Amino acid sequence: MVYTVTFNPSLDYFVGTDNFRLGYTNRTTSEMMLPGGKGLNVSTVLSNLGILSTAIYFSAGFVGEEITRRIREIGINTEEIKLSEGCSRINIKFKSVEGTEINSSGPAISEKAIGELWTRIDNIKKDDILVLAGSIPSSMPETMYSDIIERLGDKGVRTIVDASGKLLLNVLKTRPFLVKPNLDELGELFDIEIKTTDEAKVYAEKLLDMGAENVIVSMAGDGAFYLNNDRAVFMMDAPKGTLINGVGAGDSLVAGFIAGYLETGDLQYAFKLGVSAGSASAFSEYFPTKEEIYKIMTC
């Protein structure tokens with residue numbers, strides 16, 4: 001089973017406008033509301049690829065209820081942890097203003113709710129895959145992801161981490177199966193601006209030295225590269241297409257990688273399917289279908 005953990009799920013409200021102007025009333029030309037949060041995004045694309053996953057997530061209020069309703073419609077197993085106070089997030093994504101969005105903070109997570117999380121983590125078994133993706137509320141310690149992996153001990157669970165800053169840095173000692181920073185996140189870890197692919201490879205190797213078993217660095221329009229413990233590097237250029245929606249492309253890459261790994265056990269194939277899924281996502285209005293992903297894969 002594949003498990004995803006999302007501390008801060010959301011309803012993502014995508015709005016399009018013509019000639020957006022600050023300080024004026026703007027009318028929408030298109031609207032779409034979808035469940036969001038990096039872990040849930042991974043589960044959604046896995047579902048599109050025909051792979052069942054279980055989403056572990058915290059929810060609160062009427063927004064949390066709607067998140068649960070929508071992800072169950074997608075066909076994702078839910079292990080919802082309900083919070084007694086606050087309300088889950090509604091994030092606003094401006095489709096017509098490139099890269100512009102407003103993300104809410106999300107509710108605080110109580111100690112009781114964390115106790116429920118540990119119960120669910122304890123049920124994860126050998127050969128399962130666990131995806132830890134995205135941010136956590138400010139009330140949580142920056143060791144939260146590493147605490148989860150350490151609690152799994154030597155069960156033989158493959159952990160995949162898509163996070164930034166200290167959340168990512170702290171998990172390296174736990175020897176995660178895969179980490180997937182983008183270029184900016186990789187530079188942030190080492191307090192440096194990375195300008196070339198060769199520089200990125202040097203710092204990706206440092207992640208291996210610090211404990212990661214496999215590293216994928218995504219570089220937006222410049223594609224991605226995969227680095228394994230043998231220090232072998234595999235590059236893949238970004239497939240050609242028209243950017244429609246870059247939100248969630250990295251999550252789609254993770255889902256594609258998992259699907260490829262489960263399909264063949266071949267990490268290079270998994271990497272190629274992951275990049276194809278990420279690109280298909282960027283070329284789609286929402287997350288891509290299986291047909292769209294494999295069409296890019298075979299080009």
Side-chain angles (χ1 to χ4, degrees), residues 1-7 38-39 42 46 53-54 56 114 117-118 120-136 140-183 185-191 194 200-218 224-234 250-251 253-271 273-275:
M1 175 60 71
V2 180
Y3 292 86
T4 64
V5 175
T6 308
F7 278 85
K38 293 180 73 65
V42 172
L46 284 172
S53 69
T54 296
I56 302 171
I114 292 297
L117 172 66
W118 293 137
R120 288 161 171 77
I121 294 298
D122 289 343
N123 290 330
I124 298 175
K125 300 178 177 63
K126 177 179 171 60
D127 295 330
D128 287 338
I129 293 174
L130 173 64
V131 180
L132 302 172
S135 64
I136 60 174
M140 306 301 301
E142 291 176 322
T143 59
M144 195 66 220
Y145 283 176
S146 57
D147 291 345
I148 290 172
I149 299 174
E150 287 173 351
R151 188 175 181 97
L152 291 169
D154 58 358
K155 279 187 174 183
V157 176
R158 294 177 178 87
T159 53
I160 295 175
V161 180
D162 184 6
S164 59
K166 289 187 177 179
L167 266 182
L168 176 56
L169 195 63
N170 288 332
V171 302
L172 295 172
K173 63 183 179 182
T174 67
R175 298 195 57 78
F177 179 63
L178 173 72
V179 297
K180 191 216 71 65
N182 62 34
L183 211 56
E185 291 165 343
L186 183 62
E188 178 190 345
L189 278 180
F190 297 99
D191 195 25
I194 297 176
K201 291 175 184 176
V202 170
Y203 287 98
E205 281 202 12
K206 291 182 182 294
L207 299 184
L208 294 178
D209 294 336
M210 296 166 74
E213 294 183 16
N214 299 278
V215 178
I216 293 176
V217 178
S218 54
F225 67 86
Y226 161 62
L227 187 65
N228 65 21
N229 242 333
D230 295 327
R231 295 331 196 239
V233 180
F234 304 93
D251 308 324
L253 190 158
V254 171
F257 177 90
I258 293 169
Y261 179 71
L262 291 175
E263 180 183 340
T264 66
D266 183 328
L267 290 170
Q268 292 181 50
Y269 175 88
F271 167 61
L273 186 59
V275 175

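All residue numbers refer to positions in the sequence shown, counting from 1. Since the model is a prediction, treat every value here as computed from it, not as a measurement.
Without hydrogens or angle criteria, Asp266 side chain to Gln268 main chain gives a donor-acceptor distance under 3.5 Å. Looking only at distances, a side-chain donor or acceptor of Asn170 sits under 3.5 Å from a matching main-chain atom of Glu142. Judged purely by atom type and a 3.5 angstrom limit, Asn214 uses its side chain to pair as donor or acceptor with the backbone of Phe177. One N or O on the side chain of Tyr145 and one on the backbone of Ala133 form a donor-acceptor pair closer than 3.5 Å. Of the possible polar contacts, none joining the Thr264 side chain to the Tyr261 backbone as a donor-acceptor pair under 3.5 Å is found. Under a 3.5 Å cut-off, the side chain of Glu185 and the backbone N or O of Asn182 do form a donor-acceptor pair. Side-chain N or O atoms of Asp128 include none that pairs as donor or acceptor with a backbone N or O of Val2 at under 3.5 Å.
Here the closest non-hydrogen pair linking Val161 and Pro176 is CG2-CB, 4.3 Å. Leu186 and Pro181 get closest at one heavy-atom pair: N-CB, 4.1 Å. Taking both residues in full, the closest heavy atoms of Leu189 and Gly165 are given as CD2-O, 3.3 Å, listed atom of the first, atom of the second, then distance. The nearest pair of heavy atoms linking Ser218 to Ala224 is CA-CB, 3.9 Å.
Inter-residue side-chain proximity for Ile56 and Tyr3 is flagged as met; some heavy-atom pair is nearer than 4.5 Å. Side chains of Val217 and Leu183 form a contact here, defined as non-hydrogen atoms less than 4.5 Å apart. At least one side-chain heavy atom of Glu263 sits less than 4.5 Å from a side-chain heavy atom of Tyr269. Two residues are said to be in side-chain contact when any heavy atoms from C-beta on lie closer than 4.5 Å; Leu253 and Lys180 meet this criterion.
The pair Arg151-Asp122 meets the salt-bridge criterion, since a charged nitrogen lies less than 4.0 angstrom from a carboxylate oxygen. Under a 4.0 Å N-O distance rule, the pair Glu150/Lys173 qualifies as a salt bridge.
Scanning for side-chain hydrogen bond (donor to acceptor under 3.5 Å, both in side chains) contacts around Lys38 gives Asp162, Asp251, with sequence neighbours left out.
In this structure, CG on Asp147 lies 8.5 Å from CE on Met140, to the nearest 0.5 angstrom. Distance NZ/Lys125 to CG/Leu130: 13.5 Å, rounded to 0.5 Å.
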* **Stepwise side chain to side chain contact (heavy atoms under 4.5 Å, CB included) check, Leu178 with Phe257** => CA-CA 10 Å; Leu178 173 72; Phe257 177 90; 3.7 Å; yes
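Few gaps surround NZ on Lys155; more than 12 heavy atoms of other groups in view lie less than 6.0 Å from it.
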